[in-house]
Amino acid sequence: KDSSEKKHKDKEKTKHKDGSSEKHKDKHKDKDKEKRKEEKVGASVGDTRECSVFPPRSKDEPDDDGFYVPPKEDSKPLKRPREDDDKDKKVPEGDKKKKPKKEEEQKWKWWEEERYPEGIKWKFLEHKGPVFAPPYEPLPENVKFYYDGKVMKLSTKAEEVATFFAKMLDHEYTTKEIFRKNFFKDWRKEMTSEEKSTITNLSKCDFTHMSQYFKAQSEARKQMSKEEKQKIKDENERLLKEYGYCVMDNHKERIANFKIEPPGLFRGRGNHPKMGMLKRRIMPEDIIINCSKDSKIPAPPPGHKWKEVRHDNKVTWLVSWTENIQGSIKYIMLNPSSRIKGEKDWQKYETARRLKKCVDKIRNQYREDWKSKEMKVRQRAVALYFIDKLALRAGNEKEEGETADTVGCCSLRVEHIKLHPELDGQEYVVEFDFLGKDSIRYYNKVPVEKRVFKNLQLFMENKQPEDDLFDRLNTSILNKHLQDLMEGLTAKVFRTYNASITLQQQLKELTNPDDNIPAKILSYNRANRAVAILCNHQRAPPKTFEKSMMNLQSKIDAKKEQLADARRELKSAKADAKVRRDEKSKKTVESKKKAVQRIEEQLMKLEVQATDREENKQIALGTSKLNYLDPRISVAWCKKWGIPIEKIYNKTQREKFAWAIDMAEEDYEF
DNA sequence: CCCGTGACTTAGCAGATAGGGG
DNA sequence: CCCCTATCTGCTAAGTCACGGG
């Protein structure tokens, strides 16, 4: 005990050493307070960021368009020259909007400005409120619903809910017992008393006619003329223009989800106990609006009122409501390209980089803790080892019966692991098999250190399969401990850290300087894939996978034949040239040579594509790219090897990572 | 310390869209 | 130019984590 207490004290000491100079921080905080009083915006010099030298935001007014152009002064000389300032504009890129005006929009570089003091998210916020789901349109008279073989006209409310079911008829979950039970129970609540007394058995309900009608409708939608499609597109654009943006602190920012979720049947992931329940229609009376006091407050639809209008600048959301399935709160927030999301994202990677600096110490620490006299400490240390080594999620406890039965590290149960003292020639293998987030299966056989193995045996002693593996541990205990090891450290920082560091290492290892661009991109994708595997980011193999693979293979075969032909032609041209010895035939040889080269390159490209796709069958790269990989690593890699950034990031991704694209140089190190 | 709540990030899937080949 | 598929985007569920009150 003694020694462990000592260690604890040491830990405390190191914390302060590690904590990026507490004193300084406090000073800055004080400064922040002062500035806040002075009504100056964004006065924080909060942390180690380079941007702290930049001038504070200035309040300027919108121009006539209502579009907010960042102040000119902001673009005065910076300490870092940026030769690629206007690169983005030159990039032709998919959006062939006929409005040249859009492209001229100056991109605001929020990352060159100072941040707000901790806790304050904005000074001014104005928006138009949410867009509600379109009202229900009753079915035409000729679309029938049958109960027990007889036509039955449903009340509007009951009909609406019935259509939700009818639209899902082809889906297998309409056959699931829980789904049907939940649906039927909620449907009956919407029925009139007569309907309720008649419709007592879901199996006697015949939705097929309704279902056919919807299929015909969607078919008709596909067959619409160009003009009609354009009309819909225009309408969507209008909606986006009006409701899709807000003004936050002098800047027009894109909103992520300005449309309220329409009513429908809840489809949880995996074996969800609430699947099939009715997700009710959200009304203005459910909606809380958040905006500035001095902004133009959005008007509720005629004849309606908001539940509440508040002015809370300690939060980032514009609109919220409570959803009826889990009783959780849903929000309307800004797009990832916005300042408010981008800053947070940047900060996340900075925290992970701070972990990089002390991860060795932390690893030594938890290895020591495997020997602790205290069970609690040992469990914590083994759990942390899993989180670090295997990139497991923290694993909060969940309310039973409310959600699908899934687990993370701290909530692992005895039944989720198997211990093999020896397996396939390896010692001390732990076999993991459990459902994680989104009911994605985690299956892995991992050789672990002997001490870990012995500890696991100990933790499992005298326990039932359904008992918690770490019975003295939860995420709160773990995170409190992590907080002591490093300021801002939580379980998920390890995922971010390990993902990003793995990408960086893999890129170093896999990139061959002599490769051409497609081959280098394959290497990038492989590095990305290593991360996706680490984080267990899976996807269902695309429905058309086999077919598309076959297509690609036949393309390759065709290309091979083409190559063979070209080679034959080259050969005969050479022979011809040897005989004739004239200029013309020499030229022919040259052009044939070129043709062969071209085809070889094309073939290579196709083969690379095939490899890439095959290796990617069940792996989703997007999630790690978007949420775990410090974008500056990728940007630096692109700059180093002369790979156009568009090969790595699509338009949305480039918008989200604009800060990284702008600031990372080729020598960036995570 | 426990528990519920709130805010925010992370997740896979399905439908929309675009772009390359015939 | 059109079609068909590969990729992108929108959607919303499902996590993480902090906080406050008892």
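Note that the structure is predicted; figures quoted are calculated from it, not measured. Reckoned from all heavy atoms, side chains included, excluding hydrogens, waters and symmetry mates. In the text below, chain A, chain B and the rest are named by the order of the sequence lines, each starting its count at 1.
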**Student:** In whole angstrom, what separates A:M333's CE from B:dT9's C1'?
**Tutor:** 9 Å
**Student:** With nearest nucleotides of DNA chain C determined for A:G270 and A:A491 from heavy-atom distances, which residue corresponds to the more 5′ nucleotide?
**Tutor:** A:G270
**Student:** Think A:R269 has a side-chain N or O under 4.0 angstrom from the OP1 or OP2 of B:dT10?
**Tutor:** no
**Student:** Give me, pair by pair, the N or O atoms of the protein and of nucleotides 1-5 of chain B that are less than 3.5 Å apart, along with how far apart they are.
**Tutor:**
none

**Student:** Take the protein atom CD of A:Q538 and the nucleotide atom C1' of B:dA11, then report the distance between them rounded to whole Å.
**Tutor:** 12 Å
**Student:** Please check if the distance between the ring centroids of A:F432 and A:Y443 is under 6.0 Å.
**Tutor:** no
**Student:** Would you say A:S320 places a side-chain N or O within less than 4.0 Å of OP1 or OP2 belonging to B:dG6?
**Tutor:** no
**Student:** Given A:Y628 and A:H537, is the ring-ring contact (aromatic ring centres under 6.0 Å, His included) satisfied, shown in steps?
**Tutor:** CA-CA 11 Å; A:Y628 289 100; A:H537 291 141; 5.5 Å; yes
**Student:** Identify, between A:H537 and A:K233, the residue whose nearest nucleotide on DNA chain B lies closer to the 5' end.
**Tutor:** A:H537
**Student:** Give a yes/no on whether any side-chain N or O of A:K348 is located under 4.0 angstrom from OP1 or OP2 of B:dT9.
**Tutor:** no
**Student:** State, without any angle test, whether A:Y366 and A:D388 hold a side-chain donor-acceptor pair at a distance under 3.5 Å.
**Tutor:** yes
**Student:** On DNA chain C, does the nearest nucleotide to A:E323 precede the nearest nucleotide to A:Y649 from the 5' side, or the other way round? Give the residue.
**Tutor:** A:Y649
**Student:** With heavy-atom distances below 4.5 Å as the criterion, would you say the side chains of A:I517 and A:I643 are in contact?
**Tutor:** yes
**Student:** What is the 5' to 3' range of DNA chain C, first to last nucleotide, that sits under 4.0 Å from any heavy atom of chain A?
**Tutor:** C:dT5 to C:dA18
**Student:** With heavy atoms under 4.0 Å as the rule, sort A:A256 into base, sugar-phosphate or nothing.
**Tutor:** nothing
**Student:** So which of A:R281, A:R280, A:K330 actually passes salt bridge (charged side-chain N to carboxylate O under 4.0 Å, His left out) with A:E261?
**Tutor:** A:K330
**Student:** Can you check the A:Y442 OH to B:dG12 P distance for me, whole Å?
**Tutor:** 14 Å
**Student:** Looking at A:T316, does any N or O in its side chain come under 4.0 Å of the phosphate oxygens OP1/OP2 on B:dC8?
**Tutor:** yes
**Student:** For the residue pair A:C535 and A:A499, what are the closest heavy atoms and their distance?
**Tutor:** SG-CB, 4.2 Å
**Student:** Nearest nucleotide by nearest heavy atom, which residue falls closer to the 5' end of DNA chain B, A:A540 or A:D345?
**Tutor:** A:D345
**Student:** Whole-Å distance between B:dA7 P and A:L318 CG?
**Tutor:** 13 Å
**Student:** On the ring face of A:F214, is A:K167 found with NZ or CZ under 6.0 Å from the centre and within 45° of the axis?
**Tutor:** yes
**Student:** With heavy atoms under 4.0 Å as the rule, sort A:I440 into base, sugar-phosphate or nothing.
**Tutor:** sugar-phosphate
**Student:** In the structure I gave you, are the side-chain heavy atoms of A:Y497 and A:F670 within less than 4.5 Å of one another anywhere?
**Tutor:** yes
**Student:** Just checking, A:K274 and A:F266: is the charged tip under 6.0 Å from the six-membered ring centre and within 45° of the axis?
**Tutor:** no
**Student:** How is A:G408 classified with respect to the nucleic acid when contacts are heavy atoms under 4.0 Å: base, sugar-phosphate, or nothing?
**Tutor:** nothing
